[in-house]
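Below is one structure, written out as structure tokens, with a few remarks after it.
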2 protein chains.
Amino acid sequence: MLEQRKDHLEARARVLKAMAHPSRLFIIEELDKEERCVCDLTAMIGADVSTVSKHLSVLKQAGLVLDDKRGNQVFYRLRVPCILNFFGCVESVLESRAREHSAYLKAVGK
Amino acid sequence: MLEQRKDHLEARARVLKAMAHPSRLFIIEELDKEERCVCDLTAMIGADVSTVSKHLSVLKQAGLVLDDKRGNQVFYRLRVPCILNFFGCVESVLESRAREHSAYLKAVGK
DNA sequence: TGGCTATTTGGCTAAATTGCCAAGTAAATA
DNA sequence: TATTTACTTGGCAATTTAGCCAAATAGCCA
């Protein structure tokens, strides 16, 4: 595999990896609606603040969100607005699986 | 967070996680061009066959690929054709980061 | 049948991830 | 200044992941 292609694949993989966690997907969906401070997100997710803060730093590190400190709160927002359209395909994977699974159940007679 | 929403986020996260590895992204790109047997992919990636086989089983488990045994070879293909368009957004994240980084370097005078 | 070739699986170790608590920093307010 | 609120960071234990080798399975062919 060419070195350049490898670098590119690694860059893409890092972005996907940053998104590949339920709480981080939740954050992305919420930030798509409006910017939020850490405290809001923490309340919605229901985990420790430190945990949410670390999730946010993963997203920031990957270039998915931007932060903005105002007073003693830190507000996060999406850096790239397209992220949610992005999920059309993930959905079709899930639907394809669901269809196949129910066809299977039918075939087995359940 | 509602239980149903949580389940949905977990399902999406599983798909993304399966994609979030350079070798697996490589496999997805190659399978988008044409179906391939494990031996082809192994030669292209340059890792142990067992490693490639495990990557393929991750993709299969996530519902991203289908396998088809013919003779003593197993051919894999994408289950969902949209996966590559899917990357438009990942690219824009990467480009956004690159732009910002070079603006930073310019500001610092490098 | 015996020996190839292709693939998967088990087992192991090293490394990364997750989540909590505790401690530290920074801004607002009493 | 002392306290409170908001957030980040360090550190730890439990879990998961990645990659290799070795062994097992399955299909082909001499």
Side-chain angles (χ1 to χ4, degrees), chain A residues 1 6-7 9-28 30-31 34-78, chain B residues 1 6-7 9-28 30-31 34-78:
Chain A
M1 204 192 307
K6 198 179 163 209
D7 290 347
L9 291 168
E10 283 170 0
R12 283 183 169 190
R14 274 192 292 276
V15 174
L16 289 173
K17 202 166 170 184
M19 300 175 73
H21 185 286
S23 297
R24 295 197 291 266
L25 289 179
F26 176 86
I27 291 169
I28 289 171
E30 290 306 312
L31 296 187
E34 56 186 322
E35 66 167 18
R36 290 288 195 180
C37 64
V38 181
C39 53
D40 284 348
L41 294 167
T42 298
M44 292 187 271
I45 291 172
D48 195 89
V49 203
S50 68
T51 300
V52 174
S53 177
K54 278 176 185 169
H55 282 311
L56 286 164
S57 93
V58 169
L59 292 172
K60 184 181 167 184
Q61 174 71 27
L64 291 160
V65 302
L66 293 170
D67 59 339
D68 181 20
K69 181 156 195 172
R70 297 206 290 275
N72 59 354
Q73 291 181 307
V74 178
F75 290 87
Y76 282 86
R77 63 180 191 279
L78 290 190
Chain B
M1 205 192 306
K6 198 179 163 207
D7 290 348
L9 291 169
E10 282 169 0
R12 284 183 167 190
R14 274 192 293 275
V15 174
L16 290 173
K17 202 167 169 181
M19 301 174 73
H21 186 286
S23 298
R24 294 198 291 266
L25 289 179
F26 176 87
I27 291 170
I28 289 171
E30 290 307 312
L31 297 186
E34 58 187 320
E35 66 168 17
R36 291 286 194 180
C37 64
V38 182
C39 52
D40 284 347
L41 294 168
T42 298
M44 293 188 270
I45 291 171
D48 195 89
V49 204
S50 67
T51 301
V52 174
S53 176
K54 279 175 184 171
H55 282 310
L56 287 164
S57 94
V58 169
L59 292 172
K60 184 181 168 185
Q61 174 71 28
L64 290 160
V65 303
L66 292 170
D67 58 340
D68 181 21
K69 181 155 195 172
R70 296 206 290 274
N72 60 354
Q73 291 180 306
V74 179
F75 290 86
Y76 282 86
R77 62 179 192 279
L78 289 191

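Each chain gets a letter, A, B and so on, in the order its sequence line appears, and its residues count up from 1.
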Please tabulate, one pair per line, each protein N/O and nucleotide N/O from nucleotides 11-14 of chain D that are separated by under 3.5 Å, including the distance.
{"unit_1": "D:dG11", "atom_1": "O6", "unit_2": "A:K54", "atom_2": "NZ", "d": "2.5"}

- Side-chain heavy-atom pair B:L56, B:V74 within 4.5 angstrom cut-off: no

- Item | Contact list for DNA chain C against residues 41-53 of chain A - heavy-atom distance below 4.0 Å | A:A47, A:D48, A:S50, A:T51

Can you tell me how far apart [atom1] ([X]) and [atom2] ([Y]) are? Round to the nearest 0.5 Å.
X     : Y     : atom1 : atom2 : answer
B:Y76 : B:L66 : OH    : CG    : 10.0 Å
B:L78 : B:E35 : CG    : CD    : 11.0 Å
B:I45 : B:I27 : CD1   : CD1   : 4.0 Å
B:H21 : A:L9  : NE2   : CG    : 10.5 Å
A:C37 : A:D68 : SG    : CG    : 12.0 Å

- With a cut-off of 6.0 Å (strictly less than), are more than 12 heavy atoms of other residues, nucleotides or ligands near CD of B:E10? yes

- Item | A:R24 (side chain) donor-acceptor with A:A18 (main chain) under 3.5 angstrom | yes

- Query: Is there a donor-acceptor pair closer than 3.5 Å between any side-chain N or O of A:S57 and the backbone N or O of A:K54?
  - Reply: yes

- Item | Nearest non-hydrogen partners of B:L41 and B:E30, listed with the distance | CD2-CB, 4.2 Å

Which part of the nucleic acid, if any, lies within reach of [X] when heavy atoms closer than 4.0 Å are counted: base, sugar-phosphate only, or nothing?
X     : answer
B:Y76 : sugar-phosphate
A:R70 : nothing
A:K17 : sugar-phosphate

- Verify side-chain contact (heavy atoms from CB on, under 4.5 Å) between B:F75 and B:R77, making sure each step is shown before the conclusion. CA-CA 7 Å; B:F75 290 86; B:R77 62 179 192 279; over 6 Å; no

- Task: Send over the distance from B:L16 CG to D:dT16 P, rounded to a whole Å.
- Result: 19 Å

- To the nearest Å, how far apart are A:L59 CG and D:dC7 C1'? 16 Å

- Item | side-chain contact (heavy atoms from CB on, under 4.5 Å) partners for B:T51, two or more places apart | B:A47, B:D48, B:H55

- Contacted region of DNA chain C by chain B, from 5' end to 3' end of the hits, cut-off under 4.0 Å to heavy atoms, spans C:dT5 to C:dG11

Protein and nucleotides 2-6 of chain D: nitrogen or oxygen contacts under 3.5 angstrom:
{"unit_1": "D:dT5", "atom_1": "O2", "unit_2": "A:N72", "atom_2": "ND2", "d": "3.4"}
{"unit_1": "D:dA6", "atom_1": "O4'", "unit_2": "A:N72", "atom_2": "O", "d": "3.4"}
{"unit_1": "D:dA6", "atom_1": "O3'", "unit_2": "A:N72", "atom_2": "O", "d": "3.3"}

- Message: Using the side-chain hydrogen bond (donor to acceptor under 3.5 Å, both in side chains) criterion, which residues pair with A:D7? Sequence neighbours excluded.
- Response: none

